[in-house]
Amino acid sequence: MSVINRRPRLDVAGRVVLITGAAQGIGLAVAHRLHDERASVVLVDVDGAAVDRAAAQLGDRALGIAADVRDRAAMAAAVAAAVDRFGRLDIVVANAGVTPTPATLRMRPDDDFDRVLGINLVGVYNTVTPAIEQVIEHRGHVVVVSSAAAFTPSPGGSPYMISKAGVEQLGRSLRLELAGHGASVQIAYFGIVDTAMTHAVLDDDDLGRELGGMLPWPLSRRISAQGAAESIIAGIRRRAASTVAPLGWRQYSWLRGVANPILDGLLVKNPTVRGIVSRLEETAGLR
């Protein structure tokens with residue numbers, strides 16, 4: 001009988017972790033938990049005042065850096081600052097993300113598409129690549145935050161789905177490239193996380209509420225930012241290839257090769273979906 005060589009667990013105590021989108025939501029929750037477990041944390045966020053406050057609340061083992069993940073040079077400088085302050089960098093959590101304004105691809109402004117892809121996908125690339133040498137040197141770990149949105153389409157929000165599917169493939173490719181160096185890569189998938197971004201998209205917008213209402217239980221179940229952070233950190237500890245929360249989406253991910261063609265066929269004919277598309281296009285004066 002063959003023996004599977006499992007990676008040793010990753011103790012975060014004494015490690016240095018860089019987290020993007022760290023001034024609020026999931027990123028901030030991850031920073032707090034890792035700091036509590038004696039890691040040094042580098043919080044990166046486009047909101048300079050907020051990230052400075054968050055780092056100050058954590059204390060000496062925290063550094064706040066204002067940077068836009070779309071700015072490749074700024075992210076390289078953030079990694080350099082992390083190494084300069086703490087002497088190393090072991091773990092990267094590429095978490096920063098945004099949602100698009102509701103619109104079809106037919107009517108969507110190019111700059112909104114570029115904004116979403118720039119932050120959600122290119123921003124992950126810009127975060128991970130300057131840190132790769134440090135991660136390899138210290139046999140560290142990379143977390144890229146994808147989404148259950150990578151599994152299924154949605155009218156009016158396609159840039160988000162496109163970006164998160166891209167992040168999934170970035171993570172899978174990077175995992176293959178780093179495995180021989182003793183470093184590991186985790187793709188974190190989330191369904192609905194109860195954050196300010198979720199409220200803006202699904203609660204404060206009429207179409208968003210309608211789209212959210214189409215999800216059956218348990219896929220419609222929400223988790224807190226703290227719950228999402230726990231999922232990420234549990235994956236870091238065991239060097240997981242992927243983590244999914246809520247768990248109902250795990251079963252969907254296993255079946256999506258079979259389920260997606262069926263789902264696509266049903267959604268194309270769904271009157272609710274067609275109605276949403278029509279209203280979005282009417283808003284843009286296209287009908």
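In this chain, numbering begins with 1 at the start of the sequence shown.
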When you group the ILVMFWY residues by side-chain heavy-atom contacts below 4.5 Å and let the links chain together, are [Y] and [X] in the same group?
X      : Y      : answer
Leu170 : Ile119 : yes
Val93  : Val122 : no
Leu105 : Val116 : yes

4.5 Å side-chain heavy-atom contact, [X] and [Y]:
X      : Y      : result
His138 : Val16  : no
Asn120 : Val98  : yes
Glu177 : Ile132 : no
Phe190 : Lys164 : no
Arg175 : Ile187 : yes
Val44  : Thr20  : yes
Gln134 : Val83  : yes

Non-hydrogen atoms of [X] and [Y] that approach each other most closely:
X      : Y      : answer
Leu10  : Ile236 : CB-O, 3.4 Å
Ala31  : Val41  : O-CG1, 3.9 Å
Asp112 : Pro100 : OD2-CB, 3.6 Å
Ala62  : Phe86  : N-CZ, 4.1 Å
Pro130 : Ala76  : CB-CA, 3.8 Å
Ile91  : Arg15  : CD1-CB, 4.3 Å

If you measure from [atom1] on [X] to [atom2] on [Y], what distance do you get to the nearest 0.5 Å?
X      : Y      : atom1 : atom2 : answer
Asp90  : Leu18  : CG    : CG    : 11.5 Å
Arg250 : Thr243 : CZ    : OG1   : 7.5 Å
Leu58  : Leu63  : CG    : CG    : 11.0 Å
Thr127 : Arg72  : OG1   : CZ    : 10.5 Å
Leu178 : Leu174 : CG    : CG    : 4.0 Å
Met75  : Asn126 : CE    : CG    : 7.5 Å

- Of Arg237, Gln186, Arg239, which meets side chain to side chain donor-acceptor pair (under 3.5 Å) against His141?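 Only one option passes, and that is Gln186.
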- Message: Check whether Asp68 reaches the backbone of Val46 with its side chain - one donor and one acceptor, N or O, closer than 3.5 Å.
- Response: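 Not confirmed, Asp68 side chain does not pair with Val46 backbone.
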- Task: Check whether any side-chain N or O of Arg139 sits under 3.5 Å from a backbone N or O of Ser184 as a donor-acceptor pair, and report yes or no.
- Result: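 Not confirmed, Arg139 side chain does not pair with Ser184 backbone.
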When you look at [atom1] of [X], are more than 12 heavy atoms from neighbouring residues, nucleotides or ligands closer to it than 6.0 Å?
X      : atom1 : answer
Arg38  : CZ    : no
Asp60  : CG    : no
Arg172 : CZ    : no

- Yes or no on side-chain contact (heavy atoms from CB on, under 4.5 Å) for Asp11 and Glu37, after CA distance, side-chain angles and deciding distance? CA-CA 9 Å; Asp11 185 357; Glu37 295 186 22; over 6 Å; no
- Test side-chain contact (heavy atoms from CB on, under 4.5 Å) applied to His32 and Leu34, Val30, Leu28, the passing residue: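 One option only clears the test, and that one is Leu28.
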- Message: Apply side-chain contact (heavy atoms from CB on, under 4.5 Å) to residues Val128 and Val144 and explain how you reach the verdict.
- Response: CA-CA 9 Å; Val128 169; Val144 296; 4.2 Å; yes
